[in-house]
Amino acid sequence: MAVCIAVIAKENYPLYIRSTPTENELKFHYMVHTSLDVVDEKISAMGKALVDQRELYLGLLYPTEDYKVYGYVTNSKVKFVMVVDSSNTALRDNEIRSMFRKLHNSYTDVMCNPFYNPGDRIQSSRAFDNMATSMMMQVC
Amino acid sequence: MEGLTLSDAEQKYYSDLFSYCDIESTKKVVVNGRVLELFRAAQLPNDVVLQIMELCGATRLGYFGRSQFYIALKLVAVAQSGFPLRVESINTVKDLPLPRFVASKNEQESRHAASYSSDSENQGSYSGVIPPPPGRGQVKKGSVSHDTVQPRTSADAQEPASPVVSPQQSPPTSPHTWRKHSRHPSGGNSERPLAGPGPFWSPFGEAQSGSSAGDAVWSGHSPPPPQENWVSFADTPPTSTLLTMHPASVQDQTTVRTVASATTAIEIRRQSSSYDDPWKITDEQRQYYVNQFKTIQPDLNGFIPGSAAKEFFTKSKLPILELSHIWELSDFDKDGALTLDEFCAAFHLVVARKNGYDLPEKLPESLMPKLIDLEDSADVGDQPGEVGYSGSPAEAPPSKSPSMPSLNQTWPELNQSSEQWETFSERSSSSQTLTQFDSNIAPADPDTAIVHPVPIRMTPSKIHMQEMELKRTGSDHTNPTSPLLVKPSDLSEENKINSSVKFASGNTVDGYSSSDSFTSDPEQIGSNVTRQRSHSGTSPDNTAPPPPPPRPQPSHSRSSSLDMNRTFTVTTGQQQAGVVAHPPAVPPRPQPSQAPGPAVHRPVDADGLITHTSTSPQQIPEQPNFADFSQFEVFAASNVNEEQDDEAEKHPEVLPAEKASDPANSLRVAKADSKTEEKTAAGAPTNVSKGTAPLAPPPKPVRRRLKSEDELRPEVDEHTQKTGVLAAVLASQPSIPRSVGKDKKAIQASIRRNKETNTVLARLNSELQQQLKDVLEERISLEVQLEQLRPFSHL
């Protein structure tokens, strides 16, 4: 369903970014990059309260004419950004949440791998790739 | 050595095999190692092989000459055919199939064996074409090897021995290696590593994406070093404890080599033993893995933490990427730690990888951790799918092969199911948000907000008593109406009162005495003494209730009850039904015992009671509280203006709920009690129950009853002089605690009514919830539409 999926580290550099190959990937990269500002803004807005109370799912970060960008941030400030095609109206909020949850679970599995150093690019985990591909495949 | 006669096919086959084994091209002597390998490929037990060797004279000679070799081959055929090995069998057994040498899949061997006899033209090419190694991934032969692997199986004509040969890593060095191996007793085994990869290779060739991966991986390893390492590995006994496998570095710790050699040797054996499943771990291998596990984690049931495992496997010098992938495959429950099974699987994968096998995309079945072990590690943060997975096939047998296939099959399903479970949880949570609204709807207090008809007491006795009382006491009795309207308990109370009244007149009608007494109750209530007196006055009038109250004729107790119900229609049919069902006879309550309270009533009550008792004997047994008059006292003290009329039952019910003590009520109660024990009994339990259980609601129903009673009372009290008392009683509406005996029935009645109320409310609630859900869904859809229509609203 998603057109682009990105995992951003705490320091705001990408750990994993993948988009459907049909599109101009650079555009998606740029969208993800600009969305980080919105993410930070949302985090800081909620940050007054305890971190625990902050919900991980940020919701729609901002819409463009073709796409909508959703955000999700973990407690360790690792951000997941998902770009969805605006024409895909069937995508409900709950589905976005479930997709983020799957992303989070896969990311956790990658973290559990002792051979993965946090901060490295996620390139070794085939499970993560498969999961991300499955989420994007449906668009095509 | 006996002469050996070979058929043409056999001749050719044997010569080819001889050439195959004749590495050194001596044409005379075959390399022992090759021969041994060949015989191993024949899938014969070792002792049989030894026997063959002895028979053919090789043992004696120390080498395999051509004749020995041929004899040996023949003996192999004999053995494979199941015939006992004997020297004479060489020639005696006719039509012996060609000896089959299996180095890989059955198909290959059968194909080879079958095709060999048929393909004669390929034989010539055999000797010169030792099929290139299956392409473990060697860069040089990667593509070729893959091709050869596949075509090899297809064009097996090559030779039956080709499978044995193919695993060769690189032709130039392998013979050298093999010769070296052959020197060692375990050489035969060590040759297996080459044979092993072959069979392993074919499945991999199919499973993997081709040589590209192998090439890429293998390029990091130069073929010769591994072989040399193998050689060196073979040199060292596989018993030394090793922490790492390091085939790439020849000069490194011997321990490394030992490990590798052990693993390769184990692989070889594995190859020979687990023929069909290249990923199966042999016992030797497993034991070795277990020993390695122990070095890190002495407890076999414990875990190896990720960091320790990382160090361990990093020593194998595999690229981190591959190690990461191996970890992904082997950490079954994704907990960051390795159990024994997971560790063995990981170790096995590392070994395979080091030997050139590409890693599978999915964990092979034989490497999957046993479910039983999974259960131990299941609680370490596994995915729901895995947990379920481990939990279900708990009976998985220790042997991996039989259980693993089923596990493997179910695993992908569970993987999907875990995804589905995730989705479910997501959905369910969302749905719960919807339903939260519903739960928030607090059920309205039935007594206050919802003014729905009070459930009719279906207890025949009570209701009937009430009805009777209603009828008896006449229309002017508001009491009967009110209890009828509100609660049977009230009725019972009233009944009691009425009964007391009726006692005086109870004699008149057995079936109707209750009504009479009921009817007379209001009168009583109005003016206790007067009432009773009136009742007593009326009592002689058995046939008809006192004229003033337009009571239905006693003869038509039931019909009269219906008539009475007209006046009490406010209350609903509960009382009506009750009235109808009410048994004709209302046992007069033994007033003296029942009504200790009001002295005024007492004497009268006593009369009434007596009469009642006489009139309605049958009702007596129905009411356990008949004899319990302590209730009445309390009851009288509490409230009860309400239904003085017929519902002695109602009265008790109302009164206890209310607790408003009222001497008048008590009087009434006494009367009612005397009147019909039934009514009181029926009413008392309900009343008591009402009084005891819901303290809050009872006041309200009682109030309602009060109101209704008030409404009705004027009608009913037309002819009653009880106005004063009645009014007082009504106003107070106390809950008259009933005697214990009456409590039961009152309680039961109230329980019944409450249950009915609950069901009605529950139904209402569900309907409202459904409506709410629908509305919410509509709202969501509307929101979605709105969002679509306003794409730029938010920026």
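Just so it is clear: chains get the letters A, B, ... in the order the sequence lines come, proteins before strands, and each one is counted from 1.
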Subject >> Proximal component of Asn117(A), with respect to chain B [non-hydrogen, under 4.5 Å] >> reply: side chain
Original post:
Near His33(A) NE2, under 6.0 Å, is it more than 12 heavy atoms from other residues, nucleotides or ligands?
Top reply: no
Original post:
Mind checking whether Trp327(B) and Phe115(A) have parallel, tilted or perpendicular rings, split at 30° and 60°?
Top reply: perpendicular
Original post:
Among Leu323(B), Ile326(B), Ile320(B), which has the most heavy-atom pairs under 4.5 Å with chain A?
Top reply: Leu323(B)
Original post:
Which of the residues Leu321(B), Leu329(B), Thr314(B) is involved in the greatest number of heavy-atom pairs with chain A at under 4.5 angstrom?
Top reply: Leu321(B)
Subject >> Pairing residues for Asp37(A) by the side-chain contact (heavy atoms from CB on, under 4.5 Å) criterion, not counting sequence neighbours >> reply: none
Original post:
Atom CD of Glu787(B) and atom CG of Asp93(A): how far apart are they, to the nearest 0.5 Å?
Top reply: 9.0 Å
**OP:** Check each atom of Ser307(B) against the heavy atoms of chain A and say whether the ones under 4.5 Å are side chain, backbone, both or neither.
**Re:** backbone
